[in-house]
Trainee: 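Below you'll find the structure I mean.
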Amino acid sequence: MWVCAVTACAIRERGEALSVRELAREVGMNSPASVVYHLRNLEERGALVRDGRDWRTCRLSR
């Protein structure tokens, strides 16, 4: 759930989500692929919605 919380905080503060590498650094993960795994999982569950191809275009749906 850290990925979701950090993404929500970034959207509130910056107006856009962090890049995958920035998000990995923030949550303490070594691999950007791990972050993408969590982001895709959140997207499949309906917690995140992407407006484009990039993860920076995501927004929280709930």
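A quick note: this is a predicted structure, and the numbers were derived from the prediction, not measured. In this chain, residues are counted from 1 in sequence order.
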Trainee: Please give me the minimum heavy-atom distance between A24 and S31, naming the atom from each residue.
Mentor: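 Taking every non-hydrogen atom into account, CB-O, 4.5 Å.
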Trainee: Locate the shortest heavy-atom distance separating S19 from R56; write the atom from each residue and the value.
Mentor: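 Heavy-atom minimum between the residues: CB-NH2, 3.5 Å.
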Trainee: Rounded to the nearest 0.5 Å, how far does CD of E16 lie from CD1 of I11?
Mentor: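 CD of E16 is found 9.5 Å from CD1 of I11.
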Trainee: Show the atom names and distances, to 0.1 Å, of all donor-acceptor pairs under 3.5 Å that link a side chain in residues 35-44 to residues at least two apart or in another chain.
Mentor:
from	atom 1	to	atom 2	distance (Å)
N41	OD1	R45	NE	2.9
E43	OE1	R50	NH2	3.4
E43	OE2	R50	NE	3.3

Trainee: Look at atom CG of D51 and say whether more than 12 heavy atoms of other residues, nucleotides or ligands are closer to it than 6.0 Å.
Mentor: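 Counting neighbours around CG of D51, more than 12 heavy atoms of other residues, nucleotides or ligands fall under 6.0 Å, so yes.
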Trainee: In the single-linkage hydrophobic clustering (I, L, V, M, F, W, Y; side-chain heavy atoms under 4.5 Å), do V49 and L60 co-cluster?
Mentor: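 No, no single cluster joins them.
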Trainee: Hey, is CD on E26 packed in by over 12 heavy atoms from elsewhere, all under 6.0 Å?
Mentor: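 Open.
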Trainee: For R14, is the CZ atom crowded, meaning more than 12 foreign heavy atoms sit under 6.0 Å from it?
Mentor: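 Result for CZ/R14: enclosed.
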Trainee: What distance do T7 atom OG1 and W55 atom CH2 have between them, rounded to the nearest 0.5 Å?
Mentor: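 Answer for the OG1-CH2 pair, T7 versus W55, is 9.5 Å.
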